[in-house]
Every structure is written in structure tokens, then in C-alpha cells.
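To keep things clear, I will list the structure first and then write my remarks on it.
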Amino acid sequence: MTSRVRTAGTNGSDFKHREKVAPLYQMSASLKSEVRKLNVVHLLIWLLVAAQVTVSHLHLVSHDTVSTPYQWEYPYLLSVLPLLCSSLSLPKNNISYLVLSMISAGLFSVAPLIYGGMEMFPVAQQLYRHGKAYRFIFGFSAVTVMYLIMVVAVQVHAWQLYYMKKLLDSWFDATQEKKKK
């Protein structure tokens with residue numbers, strides 16, 4: 001067995017001369033990681049909504065088990081487009097795909113959620129005032145289940161937009177530094 005031999009004259013404090021990763025690139029890597037995590041959660045939410053729409057329209061189970069979708073769920077299915085654009089922008093730091101993802105997230109993710117909140121409000125009001133529910137998803141009130149999904153989705157999309165904006169700023173600063181050199 002060989003033992004590790006430390007070079008004479010080093011006590012472990014000779015690391016200051018080594019290269020370091022610039023903070024700009026460290027921040028870019030951590031922001032990319034956050035966006036990827038949020039993309040996975042967004043995909044899970046999208047799959048839940050897509051499953052409900054698919055099961056309802058193909059009559060795979062009775063309407064007593066899974067109710068018909070609300071109107072906001074159809075345009076929300078287009079929220080897979082910003083997800084794809086954001087996923088395509090990350091590997092090569094593509095600013096144009098990231099901007100497209102941010103704009104389409106507002107149109108296809110946030111706007112349907114706002115409309116859905118307004119669409120389902122009278123039904124939620126009736127449920128909580130009178131205790132009457134007419135749509136169900138696996139025995140639970142459909143409006144309650146969909147509001148829970150919406151609360152999570154709004155948070156995910158808000159964090160996505162926040163991190164994408166910070167990532168965009170980071171990439172833009174990096175391109176400006178390259179142009180100065």
C-alpha cells in the first residue's frame with residue numbers, strides 16, 4: 001500500500017493562485033438548475049391537466065369519477081410550448097428561446113390560470129356557501145382540486161418567470177462582457 005505524500009513546503013494554503021469560476025457563470029449554472037427543476041414541476045402539472053382532459057374526452061371513466069374540464073384547461077394545454085422553449089434555451093444559453101419562453105409563459109400559462117380563477121369563482125362560492133358541488137374528480141369537488149392545482153401552478157410559473165428573468169440578465173451581461181473584450 002502506498003501512502004499519500006504531501007509535497008514538502010505545502011500546508012494546503014496554496015490554492016489562491018488557482019483559477020476560479022467567475023461569479024457570473026456560477027450564477028448562470030445555479031439559475032439553470034432552478035429553471036430545470038421548475039420545468040419538471042410544470043411538466044407534472046401539465047400532465048395532470050392533460051390527463052383529466054384526455055380521460056374526460058375519451059370517456060375512459062364515467063363523468064361521475066372525472067368531471068368534464070373547465071374552459072381554462074384547454075388553453076393551458078398550450079403551456080407546454082414555453083416549457084419546450086425554455087428547455088431548448090438552456091443548453092446553449094440561447095437568449096431568443098428564453099425570451100420566447102417568457103412571453104409565451106404569460107400567454108399560455110399565466111393568462112389561462114387567471115381566466116380559470118375567474119371562471120371557477122362562482123362555482124367555488126356556491127360550494128362554500130351552500131355546500132353543493134356538481135362536478136367531481138375521484139369523489140372530491142372538482143373546483144377544490146382545480147384550485148389547488150392552480151395555486152401550485154401560479155407559484156411555479158411565477159418562480160419560472162423570476163428565474164428566467166435573472167438568467168436572461170445574467171446571459172445578457174455575459175454577452176456584453178464578451179463584446180467589451
Just how far is it from atom [atom1] of [X] to atom [atom2] of [Y], taken to the nearest 0.5 Å?
| X | Y | atom1 | atom2 | value |
| --- | --- | --- | --- | --- |
| L43 | S79 | CG | OG | 9.5 Å |
| M146 | W72 | CE | CH2 | 4.0 Å |
| L167 | S33 | CG | OG | 11.0 Å |
| Y97 | K92 | OH | NZ | 12.5 Å |
| L48 | E73 | CG | CD | 10.5 Å |
| H130 | Q125 | NE2 | CD | 8.0 Å |

Practice prompt. Quick one: do T144 and Y128 satisfy side chain to side chain donor-acceptor pair (under 3.5 Å)? Show the steps, please.
Written response: CA-CA 10 Å; T144 305; Y128 294 114; 3.1 Å; yes
Shortest non-hydrogen separation from [X] to [Y] and the atoms involved:
| X | Y | value |
| --- | --- | --- |
| S101 | M164 | OG-SD, 3.5 Å |
| Y70 | V123 | OH-CG1, 4.1 Å |
| H42 | S109 | CE1-OG, 4.1 Å |
| S67 | I137 | OG-CG1, 4.1 Å |
| Q52 | T68 | NE2-O, 4.0 Å |
| G117 | Y147 | O-OH, 2.7 Å |

For [Y], does its backbone N or O pair with a side-chain atom of [X] as donor and acceptor, under 3.5 Å?
| X | Y | answer |
| --- | --- | --- |
| S87 | L83 | yes |
| E34 | Y163 | no |
| S30 | M27 | yes |

Discussion item. Tell me if the CZ atom of F121 is crowded by more than 12 foreign heavy atoms within 6.0 Å.
Written reply: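 It does not: F121 CZ has 12 such atoms or fewer within range.
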Discussion item. If you count heavy atoms of other groups shown closer than 6.0 angstrom to NZ of K32, is the number above 12?
Written reply: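 For K32, atom NZ is crowded (more than 12 foreign heavy atoms under 6.0 Å).
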Say whether [X] and [Y] are linked into one hydrophobic cluster, either directly or through other cluster members, by side-chain heavy-atom distances under 4.5 angstrom.
| X | Y | value |
| --- | --- | --- |
| Y74 | Y76 | yes |
| F138 | L60 | yes |
| L100 | M102 | no |
| V110 | V151 | no |
| M150 | V152 | yes |

Worksheet entry | N94 vs L88, side chain to side chain contact (heavy atoms under 4.5 Å, CB included): CA-CA, chis, key distance, verdict | CA-CA 8 Å; N94 192 324; L88 290 173; over 6 Å; no
Practice prompt. Would you check if there is a donor-acceptor pair between the side chains of S86 and N39 at a distance under 3.5 Å?
Written response: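 Their side chains do contain a donor-acceptor pair, which is all the 3.5 Å distance test asks for.
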